[in-house]
Amino acid sequence: MGAKFAVDMQRTASLSLSVGNITNPGASQRRHRWFFVQLGAEGTVADNPALWALQRCTTAGTRTAVTPIPLDPADAAAVTTAGEAHTVEPTYTANEILLNVPLNQRATYQWMAAPGGELVVPATASAGIGIKTPTSGLVAVTAQVHFEE
Amino acid sequence: MGARSRGYARIVDPALAKPQESDTITCGHCQKVVHLHDRTGKARSGVLVHCHQCGSQTCVPCAETARCEPFEKKLDQIEARGRLLAAIGI
Ligand SMILES: [Zn+2]
Ligand SMILES: [Zn+2]
């Protein structure tokens, strides 16, 4: 078992720009596995439909860096990198949407992988998974992901 | 990969009396997360197909390709290509 990390990604939701992503560095990357995902909005409770999508990407895009937090404080810093509030989108891989969640703005979605059922990112430069809100704008949203590397 | 044990998803909506819960399976070919229950908690039928070649459970779009491409194998191929590209400096 590798070290486990938490990443919190936030932005004012955008139809065209990602909430955030977790990607490999350009060198010395390693496989990482997403095993927990939580999606929700922290704005005022309102009855609005929204769609969330997790999609594979091959570049980091332009983003505000987020440092993955070790779940065990004794662990060293993550090799895998993360960021939020994209201003330039990552390069998404067509058709490789791993999770699609239609979710009312007032609701929260959580997913926990079964052991062996984690979302695995190959150990190649800048590969990762991004989180998008393709139908909802203007609401402050947060995605939290736990991964292992 | 293509785990037989199930993941778990839930939606907590303050407008509903209780959380909406679903077991999930991660497709053994493409890793798409398949929800096995609908929002009322009823099992969804026909959302998973057993692959007789690799023994994993897959999503319907993967099953419709009629090819067995285990995700573990794809990972190895992607990483081999990445090493090659790095070696030739791309
Ligand atoms: Zn599939
Ligand atoms: Zn198969």
Side-chain angles (χ1 to χ4, degrees), chain A residues 24-41 44-50 52-58 93-129 146, chain B residues 1-16 18-39 47-48 55-59 61-62 64-65 69-87 89-90:
Chain A
N24 285 323
S28 306
Q29 58 278 340
R30 52 180 69 166
R31 268 185 200 184
H32 63 271
R33 296 171 158 78
W34 291 27
F35 61 91
F36 172 75
V37 175
Q38 178 171 282
L39 310 171
T44 309
V45 172
D47 186 7
N48 292 317
W52 290 75
L54 270 59
Q55 187 167 359
R56 287 192 188 279
C57 58
T58 54
T93 310
N95 301 322
E96 299 219 356
I97 294 175
L98 301 179
L99 181 64
N100 241 332
V101 185
L103 188 68
N104 193 287
Q105 183 188 322
R106 61 174 181 252
T108 302
Y109 173 88
Q110 295 173 318
W111 172 73
M112 282 141 269
E118 302 90 352
L119 306 178
V120 186
V121 174
T124 56
S126 307
I129 300 170
H146 291 186
Chain B
M1 210 59 55
R4 283 159 199 284
S5 53
R6 291 174 170 192
Y8 170 73
R10 86 176 149 217
I11 291 173
V12 179
D13 184 335
L16 302 174
K18 57 183 175 66
Q20 300 167 319
E21 299 178 295
S22 175
D23 291 338
T24 68
I25 288 282
T26 305
C27 172
H29 288 179
C30 76
Q31 289 224 299
K32 188 175 168 60
V33 176
V34 180
H35 292 85
L36 302 183
H37 299 88
D38 67 18
R39 303 238 167 169
V47 292
L48 275 186
S56 72
Q57 300 201 275
T58 76
C59 68
C62 281
E64 284 172 349
T65 68
E69 295 178 325
F71 184 73
E72 191 68 47
K73 203 168 123 192
K74 274 187 233 167
L75 265 184
D76 291 340
Q77 286 167 350
I78 292 167
E79 289 174 353
R81 184 170 175 275
R83 282 192 297 274
L84 180 69
L85 291 177
I90 295 177

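All heavy atoms count here, side chains included; hydrogens, waters and symmetry mates do not. A, B, ... follow the sequence lines: proteins, then strands. Residue 1 opens every chain.
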[X] side chain near [Y] side chain, heavy-atom distance below 4.5 Å:
| X | Y | result |
| --- | --- | --- |
| A/Thr124 | B/Arg81 | no |
| B/Val33 | A/Leu119 | yes |
| B/His35 | A/Leu99 | yes |

What salt bridge (charged side-chain N to carboxylate O under 4.0 Å, His left out) pairs are there with at least one residue in residues 22-33 of chain B, not counting sequence neighbours?
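Residue pairs passing salt bridge (charged side-chain N to carboxylate O under 4.0 Å, His left out), neighbours aside: B/Arg6-B/Asp23.
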Got a sec, which residues hit side-chain contact (heavy atoms from CB on, under 4.5 Å) with A/Val45, two or more places apart in sequence or on another chain?
A/Arg106
Name the region of B/Ala15, side chain, backbone, both or neither, that has any atom closer than 4.5 Å to a heavy atom of chain A.
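Both parts, backbone and side chain.
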With chain A, which of B/Ile78, B/Leu16, B/Val34 has the greatest number of heavy-atom pairs at distances under 4.5 Å?
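It is B/Ile78.
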Side chain, backbone, both or neither: which part of A/Ala113 has a heavy atom under 4.5 Å from chain B?
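Backbone only.
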From OG1 (B/Thr26) to CH2 (A/Trp34), nearest 0.5 Å:
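Nearest 0.5 Å value for the OG1-CH2 distance: 13.0 Å.
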Looking only at heavy atoms, which two atoms of [X] and [Y] are closest? And how far apart?
| X | Y | result |
| --- | --- | --- |
| A/Glu118 | B/Gln31 | O-NE2, 2.8 Å |
| B/Leu75 | A/Val121 | CD2-C, 4.3 Å |
| B/Ser5 | A/Pro115 | OG-O, 3.6 Å |
| A/Leu98 | B/Cys30 | CD2-O, 3.5 Å |

B/Glu79 side chain to A/Pro122 backbone, donor-acceptor under 3.5 Å
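Between the backbone of A/Pro122 and the side chain of B/Glu79 there is no qualifying donor-acceptor contact (under 3.5 Å).
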